[in-house]
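Read through the structure below, which is laid out as structure tokens, and then see the notes.
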Amino acid sequence: MDIPSKYEPQIVEDHWYNYWMDNKYFHSIPDSRKPYTIVIPPPNVTGILHMGHMLNNTIQDVLIRRARLLGLNACWVPGTDHASIATEAKVVARLKEQGIDKKDISREEFLDHAWEWTHEYGGVILEQLKKLGCSCDWDRTKFTMDDDMSASVIKVFIDLFDKGLIYRGYRMVNWDPQAKTTLSDEEVIYEERKGELYYLAYSIEGSEEKVTIATTRPETILGDTAICINPNDDRFRGLKGKKAIVPICNRVIPIIEDEYVTMEFGTGCLKVTPAHDENDKLLGEKHKLETIDIFNEDASLNSFGLHYEGMDRFDARKAIVKELKEKGFLTKVEPYVNKVGTSERTKVVIEPRLSDQWFLKMENLAKPALSAVLETREVKFYPRKFENTYRHWMENIRDWNISRQLWWGQRIPAYYYGDGENDFVVADSLEAALVKAKDKSGNAGLTAEDLKQDEDVLDTWFSSWLWPISVFGGIMEPDNKEVTYYYPTSDLVTAPDILFFWVARMIIAGYEFRGERPFDNVYLTGIVRDKERRKMSKSLGNSPDALDLISKFGADAVRVGLLLSSAAGNDLLFDEALCQQGKNFANKIWNAFRLVKGWEITETPQPESSLKGIEWYAARFNQVLTEIEDHFSKYRISEALMAIYKLVWDDFCSWLLEIVKPAYQQPIDKKSYTAIIAIFENNLKLLHPFMPFLSEEIWQRISDRKPSEALVISSWPELESFNANQIRAFEFTAEVISGIRNIRKEKNIPLRETLELSVLNKEGINEDWDVVIKKLANVGQINIVTEAVDGALSFRVRSNEYFIPVAGMLDIEAEIKKIREELSYTKGFLESVNKKLANERFVNNAPESVVTMEKKKAADAEAKILTLEKSLSNLE
RNA sequence: GGAGUGUUAGCUCAGCUGGUUUAGAGCACCGCCUUGACAGGGCGGGGGUCGUUGGUUCGAAUCCAAUACACUCCACCA
């Protein structure tokens, strides 16, 4: 037999992946079958595979492979996302290395570089997914900047604009001074930072008085245009109507009153800087204040920064504090912890900034998406706890800032023909824009040269929210065969941190653009963390390299390792030891295969024990299959895997194979062999979604298969009814075998030494299973006795008592001790049951079935006590 | 500040609408086995008063309340 004694994944995996690809098993086209569709959460085009992707895509692959086996038309659409901020940042950095500054090149040149980058690195992550075994339909691979995908985005923008849902507004937005773009509210991460609260004294015009305010951002005083006090604050009564003088720039600013000011906080006086704080902006509008923006786009100070012009905001803070101190304006500094918004992508501190941006009105769009999840449950979340989070966000939804001051992405299709606020049109091409512009302006003489397209691009998520529709061409051709067949998709598997970014918006888009949910179920995975619960991250260096893991353990083992510890919705504490467990499991299955394949077959009659074992396994298999189906229906993927793990390792390998295994170098009867092969094949079917490579390898080695007989496209076992009595009888038998093994252990009796067993049968157990006991425990003869056997070791299963005569001295003291322990446990148990039964209220109120059950427990315990006491009296 | 989730063996978790043996699994741990598929294995074993305190009930890990701790999300007052 030329089967290696250890399973070697490296050799096997590429081979079968290529085989599957060559035979186009992953490719799907619409047909008469029911579709089962997953669209991949598109990873960043320039990204590399990390543990989160591994988990996510393993789960998707399990689902899609199972669906394929279930006979559904399984379609998993892969692709990548152009990730405008992240990719642009990388391209900018790379150009910088080459000595090129983005400022010095044209938009077109920059985009050429970006495309070059995309083509160079774009496929990497998808290739990595293949190593993991992902059975995506690679012929359908999409990119969010493919021509048709971009066209969909533009079409949707125009559509929403025409519906009046997209507007342009001068608003306070989140500004990333490094990426030099705005961000949506979702892209801002608030972090606690230790800082200082500075107390500054402003002079009052025409008075010796001072007013002290507290601020965390002293550099912004240069943009102050008012001081605000609470009108109910008696302390500042004298300041009403007066004016204050801003230190350093000596600007005279009004003292205004507004109840917005919290009297208890700081000094009860607030400086108002409408250009650099959302709330101050509202105050500014209310009180008609001037707005002074003191920053450049990179958050260095502009000319309003006076002698600090050109200095970075944080350096300027230090410098200004120093000057304020020297000039006596700084009266106190105290440590202060506050939450600072940072950019999700670049990690720099966000600057609130006023600028012209494009917004999408969300309130009405959100309504159908909210009820779809919470009322009609057309879209179901697993686990359900995320529905609350979703509700909260959707009910408090704010308008979406969709413009980004970047070049990499879909350029906003707005064309300006004049300087007025409304001197623009929105159209899908310059030509169309010209027609509209002529019409809107009434100026028939406009030419293409007079039109200037908006410089900004759209938020990446403004393309990915269409993903489940646009990958099937459903925006451009809403009635095409693909989209009508595959949409709505079946399951979405993603991490909870993009619930708002992506999931919620896809649901919104689904209802808005197709009037239908984008998917039936959303499975939210946990976040992959290390053993110390730290999030896996590049900067911490605690994230193992995905491909290294695969080459070390094999893809199947890594998949098993990831899934074993990932209870639905819980974070996954990743540890390489889990992959080792997966690898051990793979090896276990491999060796079971080696054993079976090594048998010679004869036409001898089937031993009774084998028949019993095979019958029992059939029942057990169906029992476990029932559990597995239940787990899958609840998306409890790791529990489904664990059920299969135990079925294969314990029931199949440890019990069944041991039962049917012929003696060393002896052949096996044909009937048993055929049955075992069929059982093995069914096991492989269950294993395949989890361990695709190993299962296919064994499947193909078991017998010669035509391409149409590959495991990947075979069929999931059908659930059959089973006889639970058979399983109970086996459990009893297993206990007896265990009892014998214990005695062998205690007395150091090797397995090869045949034992004699006597049984005092009070349970009415029939003798069918004796053959199995004889084989597995190496028992020569089983005698039925009516009296306890003297001079024998004993054990009990329920009230049956078993005796094994041993040679030499019997340690009676030990026997007595053992029986006493058992007796005291059983008595304690009986007592607790009897306490219940003695309680009249229990007997009267509890359902009859419960009372009956308790009575049976009591009877069983009593019978056992009787047995034990009798044994004891025999010994004493 | 608001909301949510969790707290069960050393670790990670099951335990669904309260009652199937005085709580289960996997891993880890401890013994003993160079047995002929597999030492990446076998057999056996120890280990939890189910966060705390009350309450409802004939009966609570399971329901309710309070409390402590942990985590997550949202909002944000300088």
Side-chain angles (χ1 to χ4, degrees), chain A residues 1 3 5-7 190 197 213-217 220 228 260-262 264-267 269-273 277-280 336 338-339 341 383 385-386 388-393 396 496-497 499-500 527 531 533 557 564-567 569-573 575 577-578 580-581 583-599 630 634 636 638-639 642-643 645-646 653-654 657-658 661 663-665 738 741-742 744-746 748 750-752 798 825-826 828-833 835-836 839-847 849-851 853-854 856-858 860-861:
Chain A
M1 200 74 221
I3 305 172
S5 78
K6 285 182 180 173
Y7 172 61
Y190 286 90
L197 192 59
I213 57 94
T215 180
T216 53
R217 304 203 53 193
T220 63
C228 190
Y260 162 75
V261 178
T262 314
E264 293 74 30
F265 189 87
T267 62
C269 263
L270 175 71
K271 72 189 220 28
V272 185
T273 322
D277 185 280
E278 176 81 48
N279 294 305
D280 288 15
Y336 185 72
N338 65 341
K339 288 220 171 162
K385 64 178 177 184
F386 289 106
N388 277 320
T389 319
Y390 179 82
R391 174 209 303 269
H392 188 266
W393 190 75
N396 297 286
D497 49 357
L499 188 62
F500 308 136
I527 292 166
K531 274 186 284 185
R533 264 185 204 282
L564 274 178
S565 62
S566 86
N570 285 346
D571 285 356
L572 176 147
L573 274 59
D575 183 348
L578 293 164
Q580 187 60 48
Q581 194 183 342
K583 193 176 175 180
N584 293 352
F585 184 42
N587 194 55
K588 182 75 186 174
I589 301 165
W590 182 252
N591 277 292
F593 166 68
R594 282 181 62 217
L595 172 70
V596 171
K597 260 298 169 187
W599 286 333
D630 183 51
K634 292 169 182 154
R636 294 149 80 139
S638 71
E639 289 186 52
M642 184 48 76
Y645 180 92
K646 285 192 278 193
C653 294
S654 298
L657 289 183
E658 293 300 328
K661 191 158 120 182
Y664 183 53
Q665 287 187 336
S738 227
R741 281 174 179 164
N742 262 328
R744 282 188 184 277
K745 176 127 297 193
E746 277 165 32
N748 256 322
L751 185 61
R752 72 184 97 85
R798 274 185 242 155
Y825 174 89
T826 314
F829 173 70
L830 178 63
E831 203 180 320
S832 79
V833 176
K835 224 156 88 185
K836 267 191 217 171
N839 187 333
E840 256 180 65
R841 283 184 296 184
F842 169 71
V843 180
N844 294 334
N845 294 319
S849 63
V850 174
V851 179
M853 180 62 68
E854 292 300 313
K856 183 172 186 311
K857 280 198 241 168
D860 285 352

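The basis for the numbers below is simple: all heavy atoms, side chains too, and nothing from hydrogens, waters or symmetry mates.
- For B:rC64 and B:rG6, the P atoms lie 11 Å apart once the distance is rounded to whole Å.
- The pairing partner recorded for B:rG51 is B:rU67, the criterion being a Watson-Crick or G-U wobble arrangement whose two distances lie under 3.5 angstrom.
- Nearest approach of A:A861 to A:F829, heavy atoms of both residues: CB-CD2, 4.1 Å.
- Taking the ring-ring contact (aromatic ring centres under 6.0 Å, His included) definition, one finds that A:W599 meets it with nothing, sequence neighbours left out.
- The distance from atom CG of A:N396 to atom P of B:rC76 is 11 Å, rounded to the nearest whole Å.
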Polar-atom pairs under 3.5 Å, protein N or O versus N or O of nucleotides 15-21 of chain B: list them with distances, or write none.
unit_1: B:rG15; atom_1: OP1; unit_2: A:R636; atom_2: NH2; d: 3.0

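- A side chain to side chain contact (heavy atoms under 4.5 Å, CB included) with A:K271 is found for exactly one of A:I213, A:D280, A:D277, namely A:I213.
- A 3.5 Å limit on both hydrogen-bonding distances identifies no Watson-Crick or G-U partner for B:rU57.
- Nucleotide B:rC38 has no partner under the Watson-Crick or G-U criteria, as no pair reaches both atom distances under 3.5 Å.
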Check step by step if side-chain contact (heavy atoms from CB on, under 4.5 Å) holds for A:W590 and A:I3.
-> CA-CA 9 Å; A:W590 182 252; A:I3 305 172; 3.4 Å; yes
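- Distances shorter than 4.0 Å separate none of the side-chain N or O atoms of A:Y390 from OP1 or OP2 on B:rC74.
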B/S/- contact track for nucleotides 38-48 of chain B, protein heavy atom under 4.0 Å | B-BSSBSS---
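- Between the P atoms of B:rG2 and B:rG19, the separation comes to 36 Å (whole Å).
- Looking at which nucleotide of RNA chain B each of A:N388 and A:G828 is closest to, the 5′-most match is held by A:N388.
- Nucleotides B:rU21 and B:rA66 have their C1' atoms positioned 35 Å apart, rounded to a whole Å.
- Using a 4.5 Å heavy-atom cutoff, the side chains of A:F265 and A:L270 are not in contact.
- A donor-acceptor contact under 3.5 angstrom links the side chains of A:N584 and A:Q580, judged on distance only.
- Between A:Y190 and B:rC73 there is no side-chain polar atom (N or O) within less than 4.0 angstrom of OP1 or OP2.
- Put simply, the side chain of A:R741 does not reach to within 4.5 Å of the side chain of A:K745, judged on heavy atoms.
- When the nucleotides B:rC58, B:rA78, B:rA25 are ranked by their closest atom to the side chain of A:N839, B:rC58 comes out on top.
- For the residue pair A:N844 / A:R841, no side-chain donor-acceptor distance below 3.5 Å is found, with atom types taken as modelled.
- Within the 4.0 angstrom heavy-atom criterion, no nucleotide atom of any strand lies near A:C228.
- At least one side-chain heavy atom of A:F386 sits less than 4.5 Å from a side-chain heavy atom of A:P496.
- A:N587 places no side-chain N or O within 3.5 Å of a backbone atom of A:K583 that could act as its donor or acceptor partner.
- Of the inter-residue distances, the one linking A:E840 atom CD with A:N845 atom CG reads 10.5 Å to the nearest 0.5 angstrom.
- Comparing B:rG48 with B:rA23, their C1' atoms sit 8 Å apart, to the nearest whole Å.
- Comparing the same atom, C1', in B:rU34 and in B:rG15 gives a spacing of 41 Å after rounding to whole Å.
- Nucleotide B:rG31 forms a Watson-Crick or G-U wobble pair with B:rC43, both donor-acceptor distances falling under 3.5 Å.
- One atom, NZ of A:K385, and another, P of B:rG4, lie 14 Å apart when rounded to the nearest Å.
- Here the separation of B:rG47 from B:rC38, taken at their P atoms, is 34 Å to the nearest Å.
- Nucleotide B:rU22: unpaired (no Watson-Crick or G-U wobble partner with both distances less than 3.5 Å).
- Comparing A:K646 and A:T267 by the nucleotide of RNA chain B whose heavy atom lies nearest to each, the residue mapping closer to the 5' end is A:K646.
- A distance of about 15 Å separates the C1' atoms of B:rG59 and B:rU20, rounded to the whole Å.
- B:rA14 and B:rG26 have their C1' atoms separated by 11 Å, with the value rounded to a whole Å.
- Figure legend. B:rA75 is base-paired to no nucleotide; pairs are counted as Watson-Crick or G-U wobble with both atom distances under 3.5 Å.
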